[in-house]
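What you see below is based on every heavy atom in this structure, not just the backbone, and it leaves out hydrogens, waters and symmetry mates. If you read the sequence from its start, that first residue is 1, and numbering goes on from there. Since we're looking at a predicted model, the values are computed, not measured.
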Amino acid sequence: MGIEEQTPWSREEFEQKLRAKEKYYHINHPFHVLMNTGKLEKKAIQGWVANRFYYQTSIPIKDAAIMANCTDRDTRRLWVQRIIDHDGTQGNDGGIEAWLQLGEAVGLSREELQSEQHVLPGVRFAIDAYVNFARHATWQEAACSSLTELFAPKIHQNRLDNWPKHYTWIEPDGYNYFRKRLGEARRDVEHGLSITLDHFRTREQQEHALGLLQFKLDILWTMLDAMWMAYIENKPPYHCVE
């Protein structure tokens, strides 16, 4: 029996299958496991912060692309908050500024981060692919792919719990981003999940949604693959070229 003939999952079953994707979340990547257990050297921590900064600066661009494709005013009214969260407003510096503070806390200058000089080609390629996907997908598909936020509060809390005791050299102000995202991610999940559960109704659509979420999980995992090669294996791009 083809997928199109299969009975759709109930709303509860569908949500459970989305949440079951957590096993592919980058919290389980060996690089992140080492990072969360205090086993990374300073260079690797700095490399992760620098590469993730490119991701942070790309998120509001991705969200703007989703809004540009979105024909639903009520959705746009809610989705725009994501851009504000990262870019900030008058009196609220936003997540990008908080990440710059994290960079300074681990010993990187703002100029280093903003120059993108430490961004690995593999990381850049993965993030650019995600932004490009958001530009060309339907807004519902792009919203669905954002549901890696289902698992984000856990990863932020783990960093807040473990980094201060493992990496005492990191300045405490650097953790503001993780604190900030704890509440924001939970709010974003509620909205993104409702869009996904409401829009993807047939079994074929639900299977497609799982693939969209897997695509975003692949992006995050691939970023850490590149960092593993550069900072754990000590084989950055072109390391063998004289």
Side-chain angles (χ1 to χ4, degrees), residues 45-46 48-119 123-124 127-128 130-135 137 139-140 142-161 163-164 170-196 216 219-220 223:
I45 293 288
Q46 290 177 326
W48 179 81
V49 170
N51 278 275
R52 286 282 299 194
F53 182 69
Y54 185 66
Y55 180 77
Q56 301 306 322
T57 58
S58 297
I59 291 301
I61 298 172
K62 176 269 299 184
D63 287 323
I66 293 175
M67 287 188 62
N69 292 331
C70 181
T71 56
D72 183 71
R73 181 177 63 167
D74 290 336
T75 297
R76 294 196 303 269
R77 283 173 166 173
L78 292 174
W79 206 271
V80 71
Q81 185 61 48
R82 296 168 183 251
I83 298 176
I84 295 170
D85 287 342
H86 278 78
D87 285 343
T89 56
Q90 185 89 20
N92 178 14
D93 289 332
I96 291 176
E97 173 60 27
W99 201 272
L100 285 167
Q101 294 170 5
L102 173 61
E104 290 175 324
V106 301
L108 298 171
S109 70
R110 288 172 175 254
E111 291 73 24
E112 279 182 279
L113 290 175
Q114 292 170 330
S115 72
E116 302 174 4
Q117 63 185 274
H118 299 303
V119 179
V123 171
R124 185 184 300 274
I127 295 169
D128 288 353
Y130 181 43
V131 174
N132 190 55
F133 161 78
R135 287 182 173 135
W139 65 268
Q140 295 96 335
C144 174
S145 73
S146 75
L147 282 178
T148 49
E149 294 162 338
L150 283 166
F151 322 122
K154 180 179 179 180
I155 209 170
H156 294 315
Q157 190 63 60
N158 282 352
R159 291 165 187 160
L160 289 169
D161 291 341
W163 280 33
I170 297 179
E171 294 295 327
D173 287 348
Y175 299 124
N176 289 336
Y177 178 86
F178 305 138
R179 297 188 188 96
K180 185 175 184 295
R181 285 303 296 166
L182 279 175
E184 293 172 353
R186 292 187 178 99
R187 180 207 63 212
D188 292 345
V189 162
E190 184 177 343
H191 185 213
L193 188 58
S194 67
I195 291 172
T196 300
K216 175 63 183 307
I219 294 292
L220 296 174
M223 289 167 59

More than 12 non-hydrogen atoms from neighbouring residues, nucleotides or ligands closer than 6.0 Å to CD on Q81, yes or no?
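Result for CD/Q81: enclosed.
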
Below 30° counts as parallel, above 60° as perpendicular, anything between as tilted: where do the rings of H156 and F178 land?
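Correct class here is parallel.
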
Is the ring pair W163/Y175 parallel, tilted or perpendicular, if the boundaries are 30 and 60 degrees?
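Perpendicular.
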
Between R181 and E184, is there a side-chain N and carboxylate O pair less than 4.0 Å apart?
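Yes.
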
Closer than 4.0 angstrom, basic N to acidic O: yes or no for E149 and R187?
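Answer for the salt bridge query: no.
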
Looking only at heavy atoms, which two atoms of [X] and [Y] are closest? And how far apart?
X	Y	answer
I127	S58	CG2-OG, 3.4 Å
I66	A142	CG1-CB, 3.5 Å
V189	L147	O-CD2, 4.3 Å
A105	G174	CB-CA, 3.6 Å
K216	T148	NZ-OG1, 2.9 Å
P60	I96	CG-CD1, 4.1 Å

Has R76 got a side-chain atom pairing as donor or acceptor with C70's backbone, closer than 3.5 angstrom?
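At least one qualifying donor-acceptor pair exists.
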
Donor-acceptor pair, W99 side chain versus V49 backbone, under 3.5 Å?
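Flag set: sc W99 to bb V49 pair under 3.5 Å.
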
Residue pair [X] / [Y], side-chain heavy-atom distance below 4.5 Å:
X	Y	value
H191	T75	yes
F53	L102	no
Y54	D128	yes
W139	D72	yes
I61	R135	yes
L160	L182	yes
K180	Y177	no

In Å and rounded to the nearest 0.5 Å, what is the [atom1] to [atom2] distance from [X] to [Y]?
X	Y	atom1	atom2	answer
I83	T89	CD1	OG1	13.0 Å
L113	R52	CG	CZ	13.5 Å
D85	D63	CG	CG	9.0 Å
D188	L193	CG	CG	12.0 Å

Pick out which of Q46, Q117, H118 makes a side-chain hydrogen bond (donor to acceptor under 3.5 Å, both in side chains) with E112.
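Exactly one pass, corresponding to H118.
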
Under the side chain to side chain contact (heavy atoms under 4.5 Å, CB included) criterion, do H86 and E97 qualify, and how do the steps go?
CA-CA 8 Å; H86 278 78; E97 173 60 27; over 6 Å; no

Under a 3.5 Å threshold, yes or no: a donor from one side chain and an acceptor from the other, between R179 and N176?
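Their side chains do contain a donor-acceptor pair, which is all the 3.5 Å distance test asks for.
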
Please assess M67 against V80 for the test side chain to side chain contact (heavy atoms under 4.5 Å, CB included), listing each intermediate value before the final yes or no.
CA-CA 7 Å; M67 287 188 62; V80 71; 3.8 Å; yes

Kindly indicate whether a cation-pi arrangement holds for R82 with W79, taking the cut-offs as under 6.0 Å to the six-membered ring centre and within 45° of the axis.
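Yes, a cation-pi geometry holds between R82 and W79.
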
